[in-house]
Amino acid sequence: MAVNISDDEKRRRLKAYFAEVARVDALRRQWQLTYDDRGTDFYLEHGVWPPPPILPSYPEFPAECFDIRCGAKAHSSGEPCRSKDIHKNGRCRFHGGLSTGPKTAEGKLAALGNLKQFTEPHGAADQS
Ligand SMILES: [Zn+2]
């Protein structure tokens, strides 16, 4: 294992790791949905459930990223941030930046749908 890799390289690997996790997650969800969907048809036809799909496995967490530091340049001192509480983007909660909101049309629609005026009031089911 490489010992002297730069923090930038660590951060790159960390991001790659989380990107891979997200990819596997999406694949697994998709496969599970397909399985649930087709499984019922298979059962009705054959009387037994189909063998479960072989799902892709999650990648191993890169060992070199355990001690990763934020490393962002602080406004006040210019020193690199030493925070070890790192988010998926490889930065700490102060330097990662806030979410800029939904990107896709579906995401924007979902966000709108979650607004207070469009959701059922609490306890609405009890009032019927
Ligand atoms: Zn930081």
Side-chain angles (χ1 to χ4, degrees):
M1 180 187 129
V3 186
N4 283 321
I5 53 171
S6 69
D7 274 2
D8 281 344
E9 175 61 16
K10 283 182 189 174
R11 199 164 292 111
R12 200 191 62 76
R13 291 188 193 183
L14 191 77
K15 283 183 190 174
Y17 164 77
F18 282 117
E20 177 66 8
V21 166
R23 194 187 68 85
V24 171
D25 238 7
L27 260 180
R28 289 177 79 112
R29 239 193 324 269
Q30 186 56 47
W31 288 23
Q32 192 63 55
L33 282 178
T34 314
Y35 179 75
D36 291 347
D37 203 29
R38 301 236 178 96
T40 315
D41 293 344
F42 191 93
Y43 181 78
L44 291 176
E45 201 172 312
H46 301 276
V48 288
W49 289 97
I54 301 153
L55 297 170
S57 54
Y58 289 103
E60 214 168 297
F61 188 84
E64 64 272 25
C65 293
F66 276 123
D67 63 340
I68 192 171
R69 304 231 175 203
C70 170
K73 204 158 115 186
H75 284 292
S76 51
S77 59
E79 294 285 309
C81 172
R82 288 173 297 165
S83 175
K84 291 172 90 174
D85 185 15
I86 299 300
H87 288 249
K88 287 181 181 179
N89 61 4
R91 298 289 186 194
C92 74
R93 66 199 166 107
F94 298 114
H95 298 116
L98 296 173
S99 166
T100 52
K103 296 282 180 290
T104 63
E106 292 83 37
K108 286 173 184 172
L109 202 61
L112 277 177
N114 289 333
L115 288 178
K116 199 175 175 186
Q117 61 264 43
F118 299 128
T119 55
E120 277 194 28
H122 288 286
D126 302 334
Q127 290 166 4
S128 60

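Both counts, for ligands and for their atoms, begin at 1 and track the order of listing.
In this structure Asp7 satisfies the salt bridge (charged side-chain N to carboxylate O under 4.0 Å, His left out) test together with Lys10, sequence neighbours excluded. Partners of Glu20 under the salt bridge (charged side-chain N to carboxylate O under 4.0 Å, His left out) rule, at least two apart in sequence or in another chain, are Arg23.
For the pair Arg69/Cys81, no side-chain contact is recorded, criterion being any heavy-atom separation below 4.5 Å from C-beta on.
Only protein N, O or S atoms were considered, and those under 2.8 Å from the Zn ion (ligand 1) are Cys70 SG, Cys81 SG, Cys92 SG, His95 ND1.
Grouped by direct or indirect side-chain proximity (heavy atoms under 4.5 Å, Ile/Leu/Val/Met/Phe/Trp/Tyr only), Tyr17 sits with Leu14, Phe18, Val21, Val24, Tyr58, Phe61, Phe66, Ile68, Ile86.
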| Do Asp8 and Arg11 pass the salt bridge (Lys or Arg N to Asp or Glu O under 4.0 Å) test, and can you show the C-alpha distance, the side-chain angles, and the key distance before you say yes or no? | CA-CA 5 Å; Asp8 281 344; Arg11 199 164 292 111; 3.2 Å; yes

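Under the 4.0 Å criterion applied to side-chain N and carboxylate O atoms, Asp41 and Arg38 are not assigned as salt-bridge partners.
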